[in-house]
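The first residue of the sequence shown is numbered 1, and numbering continues consecutively from there. Predicted model, so just to flag it, every value in this text is computed and none were measured. Read the numbers this way: they start at 1 and go in the same order the structure lists the ligands and their atoms.
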Amino acid sequence: MSSGRNGTPKSGATPWWASAVVYQIYPRSFADSDGDGIGDLAGVESRLDHLVDLGVDVVWLSPVYRSPQDDAGYDISDYQDIDPVYGTLAGFDALLAAVHDRGLKMVMDLVVNHTSDEHPWFAESRSSRNDPKRDWYWWRPARPGMRPGDPGAEPTNWSSAFSGPAWTLDEETGDYYLHVFSRKQPDLNWENPEVRRAVYAMMRWWLDRGVDGFRMDVINMISKEPTLPDGIVASGPYGDGRPYYICGPRVHEFLQEMHREVVAGRDALLTVGEMPGVTVDQARLFTDPARAEVDMVFQFEHVRLDQGASKWDVRPFRLLDLKASFGRWQAGLADVGWNSLYWSNHDQPRVVSRLGDDGAHRVRAATMLGTVLHLHRGTPYVYQGEELGMTNAPFAGIDDFRDIESVNHYAVAVAAGEAPADVLPALRAMSRDNARTPMQWDDSPHAGFTAGTPWIAVNPNHTEVNAAAQRGDPGSVLAHYRRLIELRHAEPAVVCGDFTMLLPDDERVYAFTRRLGTVELLVLGNFSGAEAAADVPDAPSWSAADLVIGNYPAPDPAAPLVLRPWEARVYRRTTAR
Ligand code: TEU
């Protein structure tokens, strides 16, 4: 085996997850077995053959733990039980066995930056200033010289991710607690070793039960700068606390400890750290195998390119920005470290609507986007419905939205005097609810998702866009994703090949090569609805090479490299060394 400096895969033997594809299930919206309108574990189990048909290797299950569902399960009140809306622990065990029977692995969501305010730990912590668990969370008195509850008396000026301040006053004890997310998601104090020990014990409990790893929610936020300084105020009443809790002073120490206490000595696990705001340099540290922290990260740079100061400040997407960003990440993790590749998840709008064309060219745009992503170096994640080319939803008004982030933002903006008609376009473009409409299994009234009333409306285009219609159709998005996954499994150059970005200044054509030994792949994607010439070096030789994947009928090998609207091609050739 040849390997990078610290054992990162360059070729030959590689960690199993380098050639794997992960499929994310958002259980609330995947499949409902009991007709209550909310997806559940038995529903997931009933649809596992879809994943086998697609060919993925790993399932990542978004949270199914006991939760008041303030943030759709990312607010956990019992880490070691299943929420009744999703099923039971016995049902979970049955699902896990069914997953393993099919040769798949299952990774759980791990949400330990915060708990629910209904978690017993927090109930104890808030009960009195002297409670032994008081220090398990971030409690602080009002700003010096101010009365608790007065405007601006919060201990810092930080805003929460879901509008409003990041501190809530507890009337009983007169202190404030920190919550980077909703007021029902108090942040755990990782400075306290008892907290860390409790988290590690809980993680071991799930691994002992048979799960294959964790997707770690906002795990780069667990270490706060303990002095909690105020943040810079750009606009509005609140400051930006992120510099004091993103990749904070002890985050690497904590993750190394977690690795030692939980992961070390167990084989074939997958750990992925979700890390908003992580830089390439930080990601290299987090994923350097020699440091033993996590296997890979989710970074956010590419999903912020079409946003200004906030996610509601929607800007036009520019392909050159995407190339610069992905190019930098590919180069930065080329020798050490590993990245996840994703367009979509339960927090992002649907990629075909966001970067592609969800109208006449939907199938071609969805397959082009999938191709470009999956051919990068890293581990691809497919979010449920992405493999069908599911689109954003036609939300008519605020009553159609469910997500706390969208609902809060709307309320605050309208209270501040914005007209609803001015607030809604950004919500339609960016709301997380776009990703959370039910999985479209078939063309029946609720898309085969539920026999009851779905908790959020099914996208009316399920009559056309659905799994049943695509299953036997070789021209479908589903069939294309199947081929992309097969290619990763079969072609070592996809997994380990060096990456070279081509045409960094071309505003329509995304082009790069991957090279491993004598095998070279050329990947082309047309990010436009017009024909576009791909002026890559050596074009005539490439057009005569093997076309291993495309989303149009094969072009004439003698023709110049001109891409049709939203066309994707992957060529393969072998060259002399
Ligand atoms: O998300 C973290 C995160 O920063 C986001 O993607 C978040 O959704 C975004 O800032 C909102 O604009 C994770 C989960 O994926 C998300 O669903 C949770 O709401 C959040 O953490 C809190 O647990």
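Ring-centre distance between W338 and F286: not below the 6.0 Å cut-off. Between Y481 and H374, a ring centre-to-centre spacing shorter than 6.0 Å is recorded.
Legend: residues meeting side-chain contact (heavy atoms from CB on, under 4.5 Å) with Q80, ordered by chain and number and at least two apart, are D78, M202, W205, W206.
Remark: R402 CZ is packed, more than 12 non-hydrogen atoms of other residues, nucleotides or ligands lying under 6.0 Å away.
Contact residues for ligand 1 (protein heavy atom closer than 4.0 angstrom to any ligand atom): D71, Y74, H114, F162, F181, Q185, R215, D217, V218, E274, P276, F300, K311, H346, D347, E405, R432, R436.
The aromatic rings of F122 and Y137 lie perpendicular to each other, with more than 60° between the two planes, well past the 30° mark. Ring geometry, W121 versus Y79: the interplanar angle falls from 30° to 60°, so the pair is classed tilted.
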